[in-house]
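As the structure lists them, so they are numbered: ligands from 1, and atoms in each ligand from 1.
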Amino acid sequence: SIPVASVVDGLYELQETIGSGGFAKVKLATHILSGEKVAIKIMDKKQLGDDLPRIRLEIAAMKDLSHQNVCKLYQVMETDTKILMVLEYCPGGELFDYIVEKDRLSEDEAKIFFRQITAAVAYIHSKGYAHRDLKPENLLLDEDQQLKLIDFGLCARPQGGVQSVLDTCCGSPAYAAPELVSGRAYIGAEADVWSMGVLLYALLCGFLPFDDENIGSLYRKIQSGEYDIPSWLSVKTVELLNTMLQVDPTKRISVNDLLKHPWLYEAGKEDVYWKSNYKAQELDEECITEMALCHGLTRKEMRAAVSSWKYDYVTATYWILSNQKERGRTVRLLRRSATSLPDPVTP
Ligand SMILES: Cn1cc(Br)cc1C(=O)Nc1[nH]nc2c1CN(C(=O)N[C@H](CN1CCCC1)c1ccccc1)C21CC1
């Protein structure tokens, strides 16, 4: 079978393995043209077995999600036996390890993280997705201590969101059930808010609200919705937790109402900026120019190549450059270096 090294040859320099799970492993790598570090998630198709559709779903979702608190997908490569996802590298590791190290977070620090988690979830829900596996292991810290959501393998998307459900149900909303017209018809959106409640509790307490070695009694505890309130939690915090940890999903706060909840704004914080900073529509001219120079193409040709969003090396280079710009770094690529760049398109 085709070795992974051959597909990344000249594009990425593979380095050590930084994570390994059942059917996948994550290796640190360097995007040669920019010198930026990336994380390459390498999955074995055979080991994936009938989980393969989950990966196709994860890839489709991540191509559609560009947000400052969602780990960016840069490139997808496939060989006869492997699927490779080139993703944003987060040098801070998992939020899970961060909490373990600090035992538990102060209300102020938890608030900073929770605002970012709410921004990420509000964004993916606005795109018609639900993550359905929110936990501190799936939130990574980047070099600026910003949280990035990962692992969309379990995410769900009703075909085209609520509008399509409305359209399909006999055409006129007169027949649509109340939860449909209220836009609550997401698959799993309410479940995401419950998980956010568990997440916030874990940040503030360092242990879980519902826990038990025996899975049966764990389920009973979850279904009871009863959990201990440690003395260090403020009344306002407990009120917020209660709005999320409502057993009845129809009584549970929505992520849009969470965005307006006063707890997120204490200590004079400004609005949670949940919309995406990425502009996939209008391309960044500075990045296009730098790429055109590096590839020996005109800006017009480069613009056309980038806006085809093939999730090839061109897409990766564009996203990496725009991330660099976003972080206030200089937008710079290696000039036409020895690396075997694809020959410029003959004009
Ligand atoms: C742990 N760590 C420590 C440092 Br320093 C950096 C990291 C690190 O993993 N950074 C990192 N940057 N970008 C990524 C990662 C990890 N990572 C991941 O996608 N990591 C997940 C972690 N999941 C959490 C629950 C189950 C597995 C993973 C998925 C499959 C196999 C192995 C790991 C990406 C690619 C998106």
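- Among protein heavy atoms, the minimum distance from atom 13 (N) of ligand 1 is reached at E88 O, 2.9 Å.
- Atoms of ligand 1 found under 4.0 Å from any heavy atom of G93, numbered from 1 in the order shown, are 2 (N), 3 (C), 4 (C), 6 (C), 7 (C).
- Looking at Q116, its side chain does come within 3.5 Å of a backbone N or O of L147 through a donor-acceptor pair.
- The ligand atoms of ligand 1 that sit less than 4.0 angstrom from a heavy atom of G19 are 32 (C).
- In this structure, of N138, D142, D151, L141, the residue bringing a heavy atom nearest to atom 27 (C) of ligand 1 is D151.
- Counted by atom type alone, Y201 and D228 present zero donor-acceptor pairs between their side chains at under 3.5 Å.
- Remark: minimum distance from atom 11 (C) of ligand 1 to any protein heavy atom is reached at L140 CD1, 3.6 Å.
- Salt bridge annotation for R220-D212: absent, with no cationic side-chain nitrogen under 4.0 angstrom from a carboxylate oxygen.
- Of all atoms in ligand 1, listed by their number and element, those nearer than 4.0 Å to a heavy atom of A24 are 30 (C), 31 (C).
- Using a distance-only test at 3.5 Å, with no hydrogens or angles considered, a donor-acceptor pair links the side chain of S34 to the main chain of E36.
- Protein heavy atom nearest atom 9 (O) of ligand 1, with residue, atom name and distance: I18 CD1, 3.9 Å.
- More than 12 heavy atoms of other shown residues, nucleotides or ligands fall within 6.0 angstrom of atom CZ in F23.
- Of the protein's heavy atoms, V26 CG2, 4.0 Å lies nearest to atom 28 (C) of ligand 1.
- Among the atoms of E94, none of the N or O lies under 3.5 angstrom from an N or O of ligand 1.
- Of the residues K37, K148, K41, the one that meets the salt bridge (charged side-chain N to carboxylate O under 4.0 Å, His left out) test with E88 is K148.
- Put simply, no part of M43 is less than 4.0 Å from ligand 1, judged by heavy atoms.
- Taking every non-hydrogen atom of I150 and a distance limit under 4.0 Å, the qualifying atoms of ligand 1 come out as 18 (C), 19 (O), 20 (N), 21 (C), 22 (C), 36 (C).
- Near S20, meaning under 4.0 Å from any of its heavy atoms, are these atoms of ligand 1: 32 (C).
- Residue-level proximity to ligand 1 for M85 is absent, since no heavy atom of it falls below 4.0 angstrom.
- When the heavy-atom distances from atom 32 (C) of ligand 1 to G21, C71, A39, C90 are ranked, the shortest goes to G21.
- In this structure, W232 and F207 have perpendicular ring planes: the angle between them is above 60°, well past the 30° mark.
- Residues S234 and T237 have side chains that bring a donor and an acceptor to within less than 3.5 angstrom of each other.
- Among all non-hydrogen protein atoms, the one lying nearest atom 35 (C) of ligand 1 is L87 CD1, 3.6 Å.
- For atom 5 (Br) of ligand 1, the nearest protein heavy atom (residue, atom name, distance) is P91 O, 3.1 Å.
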Which is it for D192 and H125 under the side-chain hydrogen bond (donor to acceptor under 3.5 Å, both in side chains) test, yes or no, and what are the steps along the way? CA-CA 9 Å; D192 277 350; H125 285 189; 2.8 Å; yes
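- For Y74 and N323, the side-chain atoms include at least one donor-acceptor pair closer than 3.5 Å.
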